[in-house]
Amino acid sequence: MSSKARVRKHNVPAMSPLLRALTHSRSAHEPVTAAMILQCYVALDAFQHGHGSRDLHMMLSRHLLVSQELARLGLGEDTLDDIQSGHAAMVHLDEREQRTGAWKLNDDEYARLCTALAILDAQLSVASLSEIANAQARMIEGLMRSARTRAIAEAVL
């Protein structure tokens with residue numbers, strides 16, 4: 001066999017060197033994570049004062065799902081119950097909005113969401129942008145799996 005037939009393919013990295021450097025850079029990290037947590041606290045305040053919306057609900061729920069994935073990736077796995085409790089508060093809020101039309105948290109839900117957001121804040125302060133992106137990707141995969149399962153169940157019925 002000639003040497004030309006055994007030519008090795010060089011693996012092309014999945015991420016450019018610049019993007020890889022940015023995912024590990026603290027100067028790029030802070031604006032991203034600060035914006036994420038600020039969005040969450042703005043939504044929490046809106047829900048506390050009865051000024052929430054479907055968009056705010058979806059955004060906050062997704063951030064809580066990212067927090068769950070970060071916990072599963074090893075960033076605060078002992079806090080998973082508190083994160084899930086915050087997410088359950090969002091489910092109750094959604095159910096109540098469908099019945100009453102009001103986006104208003106009760107005191108217990110507010111407290112559970114405060115705890116969950118404090119955990120998310122701590123996770124974001126130690127997670128790399130790469131870990132956050134990985135958690136976001138896993139969250140999206142989970143949502144897509146859930147939607148496929150729901151579509152299959154509806155097709156069978």
Side-chain angles (χ1 to χ4, degrees), residues 14-15 19-20 22-157:
M15 199 181 301
L19 183 56
R20 188 175 304 110
L22 282 174
T23 62
H24 298 290
S25 164
R26 279 294 169 207
S27 62
H29 181 272
E30 189 174 339
V32 171
T33 58
M36 287 175 71
I37 202 67
L38 182 61
Q39 289 174 340
C40 291
Y41 281 115
V42 166
L44 180 64
D45 185 64
F47 289 125
Q48 177 64 10
H49 292 95
H51 302 293
S53 68
R54 175 71 47 204
D55 289 338
L56 287 175
H57 184 273
M58 288 175 42
M59 180 276 303
L60 187 52
S61 295
R62 286 183 177 156
H63 279 65
L64 291 173
L65 290 173
V66 168
S67 182
Q68 286 179 350
E69 292 302 332
L70 286 170
R72 289 185 182 115
L73 291 171
L75 294 170
E77 57 269 358
D78 58 327
T79 62
L80 193 54
D81 288 344
D82 287 328
I83 299 164
Q84 290 172 336
S85 178
H87 194 76
M90 294 300 293
V91 171
H92 293 294
L93 176 63
D94 183 50
E95 290 169 349
R96 188 171 38 260
E97 186 279 330
Q98 290 178 18
R99 284 191 322 271
T100 67
W103 288 108
K104 177 96 170 100
L105 291 169
N106 65 35
D107 292 340
D108 177 61
E109 292 164 341
Y110 180 78
R112 291 190 290 161
L113 283 167
C114 285
T115 300
L117 291 182
I119 293 166
L120 175 61
D121 194 8
Q123 289 172 317
L124 293 177
S125 70
V126 296
S128 69
L129 290 179
S130 179
E131 290 170 318
I132 295 168
N134 186 16
Q136 289 173 329
R138 288 175 58 148
M139 178 265 304
I140 291 168
E141 289 170 3
L143 290 174
M144 290 174 61
R145 259 192 318 274
S146 176
R148 270 192 303 252
T149 302
R150 191 174 22 252
I152 291 170
E154 289 173 0
V156 170
L157 299 176

Taken to the nearest 0.5 Å, the spacing of Ile119 CD1 from Asp81 CG works out to 9.5 Å
Scan the side chains in residues 71-80 for donor-acceptor partners under 3.5 Å anywhere in the protein, sequence neighbours excluded, and list what turns up.
{"unit_1": "Arg72", "atom_1": "NH1", "unit_2": "Glu69", "atom_2": "OE2", "d": "3.3"}
{"unit_1": "Thr79", "atom_1": "OG1", "unit_2": "Gly76", "atom_2": "O", "d": "2.5"}

Check whether any side-chain heavy atom of Arg62 lies under 4.5 Å from a side-chain heavy atom of Val66, and answer yes or no.
no
By salt bridge (charged side-chain N to carboxylate O under 4.0 Å, His left out) - contacts of Asp45 (at least two apart):
none
Reported CG-to-CG distance for the pair Leu124 and Leu129, which is rounded to 0.5 angstrom
9.5 Å
Spacing of SG belonging to Cys114 relative to CD belonging to Glu109, to within rounding of 0.5 Å:
12.0 Å
Pairwise distance CZ(Arg112) to CD1(Ile83) - rounded to 0.5 angstrom
14.0 Å
The single option from Arg54, Lys104, His92 passing side chain to side chain donor-acceptor pair (under 3.5 Å) against Glu97
Arg54
Would you say that Tyr110 contacts Leu113 through its side chain, given a criterion of any heavy-atom pair below 4.5 Å between the two side chains?
no
Value rounded to 0.5 Å, distance of CG in Leu93 from CD in Gln98
10.0 Å
Ala111 backbone acceptor or donor facing Thr115 side chain under 3.5 Å
yes
Here the gap from Leu44 atom CG to Leu56 atom CG, rounded to the nearest 0.5 Å, amounts to 10.5 Å
Please check: side-chain N/O of His57 versus main-chain N/O of Met90, any donor-acceptor pairing under 3.5 Å?
yes
Side chains of Leu64 and Leu117: does their closest heavy-atom pair fall under 4.5 Å?
yes
Are Trp103 and Asp94 close enough that some pair of their side-chain heavy atoms sits under 4.5 Å apart?
yes
Does any N or O in the side chain of Glu131 come within less than 3.5 Å of the main-chain N or O of Ser128, such that one atom is a donor and the other an acceptor?
yes
